[in-house]
Visitor: 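Below are the structure tokens for one structure; questions will follow.
Numbers here simply count residues along the sequence, with the first being 1.
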Amino acid sequence: MIGPSYLGESSQNETTISEVLILGFQGLSSYRFVLFTAIIVLFTLIQSGNALIIFVIMSNELRHSPMYFFLCNLSVSEMLSTDIIIPNMLQVILRNGVTMSLSGCLTQFYLFANFVMIESYLLTAMSYDRYLAICRPLHYSSIMHLRFCCYLSLVCWVSSSLITSVGMSFVLYQHFCAKNNVIDHLFCDMDPVLSLSCSDTSIVQLVTYIVSPLSLMFPFVFIIVTYVCIILSILKIQSVTGKKKAFSTCSSHLFVVISYYITLITVYLVPTSDYYLQVKKILSLLYTVMTPLLNPFIYSLSNREIRATLSLIIKNNHRISALGISVQK
């Protein structure tokens, strides 16, 4: 719900904007069809890849494994987050800018921030799962049972929504006046949205600095600590085969964590000045497109169980098809 300052005119008799103009890549208008085609292909791969992982996990006993349970949650989160950003981004690129309602822009910003936090928490839960499996194997089955995994997953989704709602409540009471309704970005993110405000944004920025450690830094530090413990435990294993087997169980997750946080931190550490504006757009594009694209391929190509299950499903489909053809004959 939009705050009172959105209705009619402000106390300073400044008209409140109802629409925003998202510019996208103004300097690359001659390449917009190439960029549009590339992104729509990548978007299709993201959705189909994550949908395939969900299907493979849910169609067999993998769904009872905590690691694959959280991986399924991660795939759902990535499908939803890309659905929020990429379709509208494609319009921005194709039309060389697009008009969007203010309420729609704020909704996009809220949902995107929410799913960024959800993914961060899910990756943290997955690192805890790997820590227990490698460092506390005797206690693993007693701790990571299905009910606990469901509770942990629910905490990730609900707490992310609550924390994002706290920050969003301060944004909603900003006054967005008619002096500026242009967002020089690919989608509605924190800095572009606050640049529209005619109010004092210091409180919003303070809340952001308070919320950010909860949403990003705490999970990041927790993941680092768990993987230090995991690596130390792996080094204590005597056999080379045992070390390889232990590392293979967490290598996929470690690669996803590294790619996720490197792109995320880089995007939000780049200065917001005009000089770095195009760089920030490119980094945001990589973060919203490339990171969700990498995850299903990393897990499907490097994970033996998923490859074996997918191969079995394909073989069974071939057998059913062959049986159907023979029956028809």
Side-chain angles (χ1 to χ4, degrees), residues 20-51 74-75 77-100 104-120 123 164 182-196 212 215-216 220 255-298:
V20 296
L21 175 62
I22 303 177
L23 296 180
F25 288 113
Q26 291 292 307
L28 299 176
S29 57
S30 57
Y31 300 100
R32 67 179 185 272
F33 292 109
V34 176
L35 191 58
F36 175 85
T37 304
I39 293 177
I40 200 168
V41 169
L42 294 175
F43 176 62
T44 305
L45 290 174
I46 290 169
Q47 298 300 88
S48 58
N50 281 292
L74 186 65
S75 293
S77 172
E78 290 189 335
M79 289 180 71
L80 293 174
S81 65
T82 51
D83 268 340
I84 292 163
I85 297 297
I86 295 182
N88 190 69
M89 184 192 294
L90 289 169
Q91 291 188 56
V92 172
I93 292 170
L94 186 62
R95 299 179 182 180
N96 205 24
V98 71
T99 301
M100 189 177 187
C105 179
L106 293 174
T107 301
Q108 185 188 61
F109 164 57
Y110 168 76
L111 292 174
F112 177 67
N114 188 21
F115 282 111
V116 167
M117 197 178 299
I118 288 171
E119 187 166 352
S120 179
L123 289 172
T164 309
V182 176
I183 290 181
D184 194 0
H185 200 52
L186 297 170
F187 55 91
C188 298
D189 205 356
M190 172 62 83
D191 291 332
V193 167
L194 289 183
S195 69
L196 301 177
S212 293
S215 59
L216 296 175
F220 183 58
F255 191 88
V256 169
V257 167
I258 291 171
S259 63
Y260 174 79
Y261 277 103
I262 284 178
T263 52
L264 184 63
I265 292 171
T266 304
V267 165
Y268 292 103
L269 283 182
V270 171
T272 56
S273 61
D274 293 339
Y275 181 77
Y276 293 100
L277 195 57
Q278 295 301 322
V279 175
K280 201 173 182 71
K281 288 180 187 178
I282 294 170
L283 290 173
S284 297
L285 182 63
L286 290 174
Y287 171 68
T288 53
V289 177
M290 295 309 297
T291 302
L293 177 67
L294 285 174
N295 292 358
F297 284 97
I298 291 170

Visitor: Between atom OG of Ser284 and atom CG of Asp191, what is the distance when rounded to the nearest 0.5 Å?
Guide: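 The distance works out to 9.5 Å.
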Visitor: Sequence neighbours left out, what passes side chain to side chain contact (heavy atoms under 4.5 Å, CB included) with Ile84? Give chain and number order.
Guide: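 Per chain and number, Ile84 pairs via side chain to side chain contact (heavy atoms under 4.5 Å, CB included) with Gln108, Leu111, Phe115.
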Visitor: For the side chain of Asn114 and the backbone of Tyr110, is there at least one donor-acceptor N/O pair under 3.5 Å apart?
Guide: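 Pair absent, no side-chain N/O of Asn114 close to backbone of Tyr110.
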Visitor: Under 4.5 Å between any side-chain heavy atoms of Phe109 and Pro192, yes or no?
Guide: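 No, every pair of side-chain atoms sits at 4.5 Å or beyond.
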Visitor: List, one per line, each side-chain donor-acceptor pair under 3.5 Å for residues 85-98, sequence neighbours excluded.
Guide:
none

Visitor: Excluding sequence neighbours, so at least two apart, what forms side chain to side chain contact (heavy atoms under 4.5 Å, CB included) with Leu23?
Guide: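 So Leu23 forms a side chain to side chain contact (heavy atoms under 4.5 Å, CB included) with Leu21, Gln26, Val182, Asp184.
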Visitor: For Leu123 and Leu74, run side chain to side chain contact (heavy atoms under 4.5 Å, CB included): C-alpha distance rounded to whole Å, both residues' side-chain angles, the deciding distance at 0.1 Å, then the answer.
Guide: CA-CA 8 Å; Leu123 289 172; Leu74 186 65; 4.1 Å; yes
Visitor: Could you go through the side chain to side chain contact (heavy atoms under 4.5 Å, CB included) check for Val193 and Cys105 one step at a time?
Guide: CA-CA 8 Å; Val193 167; Cys105 179; 4.2 Å; yes
Visitor: Less than 4.5 Å apart, any side-chain heavy atom of Leu196 and any of Val20?
Guide: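 Leu196 reaches Val20 side chain to side chain.
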Visitor: Hey, what do you get for CG (Asn50) to CG (Leu45), rounding to the nearest 0.5 Å?
Guide: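 So the CG of Asn50 and the CG of Leu45 are separated by 11.0 Å.
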Visitor: Would you please name every residue forming a side-chain hydrogen bond (donor to acceptor under 3.5 Å, both in side chains) with Thr288, sequence neighbours left out?
Guide: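 By the side-chain hydrogen bond (donor to acceptor under 3.5 Å, both in side chains) rule, Thr288 matches no residue at all.
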Visitor: Minimum heavy-atom separation for Cys188 and Ile183, please, with both atom names.
Guide: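 Result for this residue pair: SG-CD1, 4.0 Å.
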Visitor: Give the C-alpha distance, both sets of side-chain angles, the deciding distance and a yes or no for side chain to side chain contact (heavy atoms under 4.5 Å, CB included) between Leu293 and Thr82.
Guide: CA-CA 10 Å; Leu293 177 67; Thr82 51; over 6 Å; no
Visitor: Please report the interatomic distance OH(Tyr287) to CG(Asp189), rounded to the nearest 0.5 Å.
Guide: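 Reported to 0.5 Å precision, the distance equals 9.0 Å.
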Visitor: For Thr291, give me all partners under side-chain hydrogen bond (donor to acceptor under 3.5 Å, both in side chains), at least two apart in sequence or on another chain.
Guide: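 Per chain and number, Thr291 pairs via side-chain hydrogen bond (donor to acceptor under 3.5 Å, both in side chains) with Thr263.
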Visitor: Can Val256 and Leu294 be said to form a side chain to side chain contact (heavy atoms under 4.5 Å, CB included), step by step?
Guide: CA-CA 8 Å; Val256 169; Leu294 285 174; over 6 Å; no
Visitor: Could you work out, with ring-ring contact (aromatic ring centres under 6.0 Å, His included) as the rule, every residue matching Phe36, not counting sequence neighbours?
Guide: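 Applying ring-ring contact (aromatic ring centres under 6.0 Å, His included) to Phe36 gives none.
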Visitor: Backbone N or O of Gly24 within a donor-acceptor pair of the Lys281 side chain at under 3.5 Å?
Guide: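 The answer is yes, because a donor-acceptor pair under 3.5 Å joins these two groups.
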Visitor: Apply side-chain hydrogen bond (donor to acceptor under 3.5 Å, both in side chains) to Tyr260 and list each qualifying residue two or more places apart in sequence or on a separate chain.
Guide: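 If we apply the side-chain hydrogen bond (donor to acceptor under 3.5 Å, both in side chains) test to Tyr260, skipping adjacent residues, there are no hits.
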Visitor: Taking side-chain hydrogen bond (donor to acceptor under 3.5 Å, both in side chains) as the test, write out the residues that go with Glu119, two or more places apart.
Guide: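 side-chain hydrogen bond (donor to acceptor under 3.5 Å, both in side chains) check on Glu119 returns nothing, list empty.
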Visitor: Can you sort out the partners of Tyr261 under ring-ring contact (aromatic ring centres under 6.0 Å, His included), two or more places apart, ordered by chain and number?
Guide: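 If we apply the ring-ring contact (aromatic ring centres under 6.0 Å, His included) test to Tyr261, skipping adjacent residues, the hits are Phe220.
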